[in-house]
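Residues take their numbers from the sequence shown, with the count starting at 1.
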Amino acid sequence: MTDFNRSVLPVAVRSNGATPNPWWANAVVYQIYPRSFQDTNGDGIGDLKGITSRLDYLADLGVDVLWLSPVYRSPQDDNGYDISDYQDIDPLFGTLEDMDELLAEAHRRGLKIVMDLVVNHTSDEHAWFQASRDKDDPHADWYWWRPARPGHEPGSPGAEPNRWGSYFGGSAWQYDPKRGEYYLHQFSRKQPDLNWENPEVRKAVYRMMNWWMDRGIDGFRMDVITLISKHLDGHGRLPGEVGSELSEGEIGEEGYTDAGPFCSDGPRLDEFLAEMRREVFEGREGYMNVGEAPGITPERNEFITDPAHKELDMLFLFDHVGVDQEGSKWNTVPFEVRNLRARLADQQEAVRNAGWASLFFCNHDQPRVVSRWGDDSDRESRELSAKAFGMLLHMHRGTPYIYEGEELGMTNAHFTKLDQYRDLEAINAYRQRVEEARCQSPESMMAALALIGRDNSRTPMQWDASRYAGFTAADAATEPWIGVNPNHVEINAAEEFDDSDSVYGFYKKLIAMRHGNATVATGEWNLVAADSEQVYSFTRTGGDDTILVMVNLTGRTARVPAEVARLLGNGVSESQVLLSTYDAVHGVKSIARGELARWEGVVIQL
């Protein structure tokens, strides 16, 4: 949807963008995982030309922004989140000319392009890192280099500078024989952390960002950007280093301490983000920047996205997608509606007076919500629960994000063998937890991977019922890089595109409501019936206009909460039902009975 035909928003909208009505306040973002979206050259990996070929589909859906996971040159150790050249396109995906064509064709359709940006770390094959391996090179201090612990043989167990563990398993330190020191990597050993304390690092990053903005992109989604400032003692030492004034904490079940509290939301984060704003974005219009924000609370989200502080437009918070995990990511617990409601309510309340919220359940790091918290056991349950979670998310206040295939109700991969997985995190976690630390059984680990592993969202986009789901040619010589979900025969875009009752048709309605209804886009949010075990309900209010949203997030019939019943008074008419996961007639009858059917959601004009 282009600027000229979107609804005018209230002056009360608060944002870091153009005032008073930033273009993204009633926009919807669609995330594309390029290697799994559309393959045009038959190598089994999606490419930029494939994205360009599907722009009409995305324009028809009605989204406003396309966020591309990384397409920069990369060894692909972590599927492109390990960048070796920020100013080139990896040949897997095409060329810079292909990127320019995509930008031009997207803009011609009124679609904006936001690129993923990974600047907490680079690839160990980046020229900056290779130069830093020489202590006499100007880049020597561009990464977190530290000597071995005194009294230990460099490279031997126990010689690491501290006992931090990596998010991808094993130590967060890797010994480099050429330099004779260790470097910090919070993720893969091939993803060394950049040292943002060095002003030359920051200048180089800003030059690169400006290069892309000048080329015509519309902003960045910034990977783990809240990890760029580390906690240091008064002498510049990291926690747990010899002589450090800061303790690194207790050793966990995998044999390492947790780096998260010392690398998330560090003391200079606001300074760095404000500097980035000045150096890259000031003076530009029509852009959007959003940061992935591990370790950030809703209260800090308000501060960082408050326009008065001039940092970022939005952040991705993660407290709500951890409601089915306890301790370790891989220790899963049953989903409860009350826990999700509490986390989302905290996020909404925190930005009531300033700042903005990002709304998401799915992305390239999260499993498919319909399999995780919904019910994908049969077609009706899958479609209803996909609509229920879609309605819940899109009716909140903030900017909604759709992950490729979410609009079709795509499900988890349902892999049963470890060799079906391609994700570095999954493979390393199995080895670390099952084979080395022996803190989890093979059976429970495989069950956890099947529920929340990242590859669940990375199987090829399901375009049609052909052999490879239309992702690549049915007679292609090379199979897709990861297995196609067998249910693509029933779940695919061709099947749903012209069906207004499909999950795809439902998402089109959700997007149209956000574009056309200022109350949905920017109205105040207020929770109703905070104690219901099955029903999540809230109101959206703008001036004299009030909308009630009520969703049964279970596969069982639920009573309409008393607080909601009081708002509804003598019931509702069909004309008051703006949207339903069933239909208006069904919604009116359900409310008259004082109950909601399984996965029933209704949006009601009060």
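Although no hydrogens or angles enter the test, the distance criterion places a donor-acceptor pair under 3.5 Å between the side chain of E406 and the main chain of Y403. No donor-acceptor distance shorter than 3.5 angstrom exists from the side chain of T305 to the backbone of D313, with no hydrogens or angles considered. Put simply, the side chain of N428 gets close to the backbone of F168: a donor and an acceptor are under 3.5 Å apart. The closest donor-acceptor contact from the side chain of D233 to the backbone of E245 lies under 3.5 Å. At distances below 3.5 Å, at least one donor-acceptor pair connects side-chain atoms of R422 with backbone N or O atoms of D419. Looking only at distances, no side-chain donor or acceptor of T459 sits under 3.5 Å from a matching main-chain atom of D455. Side-chain N or O atoms of R237 include one that pairs as donor or acceptor with a backbone N or O of G243 at under 3.5 Å. Under the 3.5 Å distance criterion, the side-chain polar atoms of S264 are left unmatched by any main-chain donor or acceptor of L227. A donor-acceptor pair is defined here as one N or O able to donate and one able to accept, closer than 3.5 Å; no such pair exists between the side chain of T332 and the backbone of D324. The backbone N or O of Y256 sits nowhere less than 3.5 Å from a side-chain atom of R163 that would complete a donor-acceptor pair.
Checked against the 6.0 Å centroid threshold, H126 and Y86 count as a close aromatic pair. A centroid separation of 6.0 Å or more is found between the aromatic rings of W463 and Y468. For Y183 and F129, the distance between ring centers is under 6.0 angstrom. Within the 6.0 Å centre-distance limit, the rings of Y81 and H364 are counted as a close aromatic pair.
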Chi angles and distances behind the ring-ring contact (aromatic ring centres under 6.0 Å, His included) call for Y401, F316: CA-CA 10 Å; Y401 289 72; F316 291 127; 4.7 Å; yes
Derivation and outcome, salt bridge (Lys or Arg N to Asp or Glu O under 4.0 Å), residues R284 and D214: CA-CA 10 Å; R284 298 183 188 273; D214 291 344; 2.9 Å; yes
Audit row: M99, L68, side-chain contact (heavy atoms from CB on, under 4.5 Å) steps and yes/no: CA-CA 11 Å; M99 185 68 198; L68 310 185; 4.0 Å; yes
D77/S188 under side-chain hydrogen bond (donor to acceptor under 3.5 Å, both in side chains): CA gap, chis, key distance, verdict: CA-CA 8 Å; D77 185 60; S188 161; 2.4 Å; yes
Test side-chain contact (heavy atoms from CB on, under 4.5 Å) applied to L315 and I304, step by step: CA-CA 8 Å; L315 291 175; I304 292 171; 3.9 Å; yes
side-chain contact (heavy atoms from CB on, under 4.5 Å) between T226 and L273, worked out: CA-CA 9 Å; T226 54; L273 294 179; 5.6 Å; no
From CA spacing to verdict: side-chain contact (heavy atoms from CB on, under 4.5 Å), Q432, W330: CA-CA 12 Å; Q432 177 77 31; W330 308 108; over 6 Å; no
Criterion side-chain hydrogen bond (donor to acceptor under 3.5 Å, both in side chains) on R433 and N331, from CA distance to verdict: CA-CA 11 Å; R433 297 181 62 80; N331 181 27; over 6 Å; no
Criterion side-chain hydrogen bond (donor to acceptor under 3.5 Å, both in side chains) on Y167 and Q191, from CA distance to verdict: CA-CA 11 Å; Y167 290 114; Q191 293 172 297; over 6 Å; no
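Note: H309 and F303 have parallel aromatic rings, judged against thresholds of 30 and 60 degrees for the angle between ring planes. Relative ring orientation between W173 and W164 is described as parallel, the plane-to-plane angle staying below 30° on a 0-90° scale split at 30° and 60°.
Taking a cutoff of 4.0 Å between a charged side-chain nitrogen and a carboxylate oxygen, E279 and K203 do not qualify as a salt bridge. Here K230 does not pair with E197 in a salt bridge; the nearest charged N to carboxylate O distance is not below 4.0 Å. With respect to D270 and K310, no salt bridge is recorded, no charged nitrogen being found less than 4.0 Å from a carboxylate O. Looking at D43 and R35, no side-chain N of the basic residue comes within less than 4.0 Å of a carboxylate O on the acidic one, giving no salt bridge. Comment: D100 engages R215 in a salt bridge, judged by a side-chain N to carboxylate O separation of less than 4.0 angstrom. For D137 and K135, the salt-bridge test fails: no basic side-chain N is under 4.0 Å from an acidic carboxylate O. Between R277 and E282 there is a salt bridge, since at least one side-chain N of the basic residue sits less than 4.0 Å from a carboxylate O of the acidic one.
A side-chain donor-acceptor contact under 3.5 Å links S69 and Q31. A side-chain donor from one of D47 and T40 sits under 3.5 Å from a side-chain acceptor of the other. When only modelled atom types and interatomic distance are considered, Q347 and D319 share a side-chain donor-acceptor pair under 3.5 Å. Using a 3.5 Å distance cut-off with no hydrogens or angles, the side chains of E105 and T52 do not pair a donor with an acceptor.
In E479, the CD atom is not crowded: 12 or fewer heavy atoms of neighbouring residues, nucleotides or ligands sit closer than 6.0 Å. For K417, the NZ atom sits in a loose shell: 12 or fewer heavy atoms of surrounding residues, nucleotides or ligands are nearer than 6.0 Å. Atom CD of E435 has more than 12 heavy atoms from other residues, nucleotides or ligands within 6.0 Å. Counting non-hydrogen atoms of other residues, nucleotides and ligands closer than 6.0 Å to CZ of R179 gives a total above 12.
Across all non-hydrogen atoms, the minimal contact from G158 to E160 is N-OE1, 3.0 Å. Minimum interatomic distance between S358 and V290 (heavy atoms only, all atoms of both residues): OG-CG2, 3.9 Å. Smallest separation of non-hydrogen atoms from I45 and D39: O-OD1, 3.1 Å. The nearest pair of heavy atoms linking A357 to V351 is CB-CG2, 4.2 Å.
Of the candidates R54, E404, K49, R54 is the only one forming a side-chain hydrogen bond (donor to acceptor under 3.5 Å, both in side chains) with Q38. Just one residue in the list Q174, Q76, E125 forms a side-chain contact (heavy atoms from CB on, under 4.5 Å) with K190, and that residue is E125. Of the candidates Y143, W128, W142, T122 forms a side-chain hydrogen bond (donor to acceptor under 3.5 Å, both in side chains) with just one, namely Y143.
Atom NE2 of H107 sits about 6.5 Å away from atom NZ of K112, to the nearest 0.5 Å.
For R202, the salt bridge (Lys or Arg N to Asp or Glu O under 4.0 Å) partners two or more places apart in sequence, or in a different chain, are E275.
Applying the salt bridge (Lys or Arg N to Asp or Glu O under 4.0 Å) test to every pair with at least one member in residues 167-176, sequence neighbours left out, gives these pairs: R133-D176.
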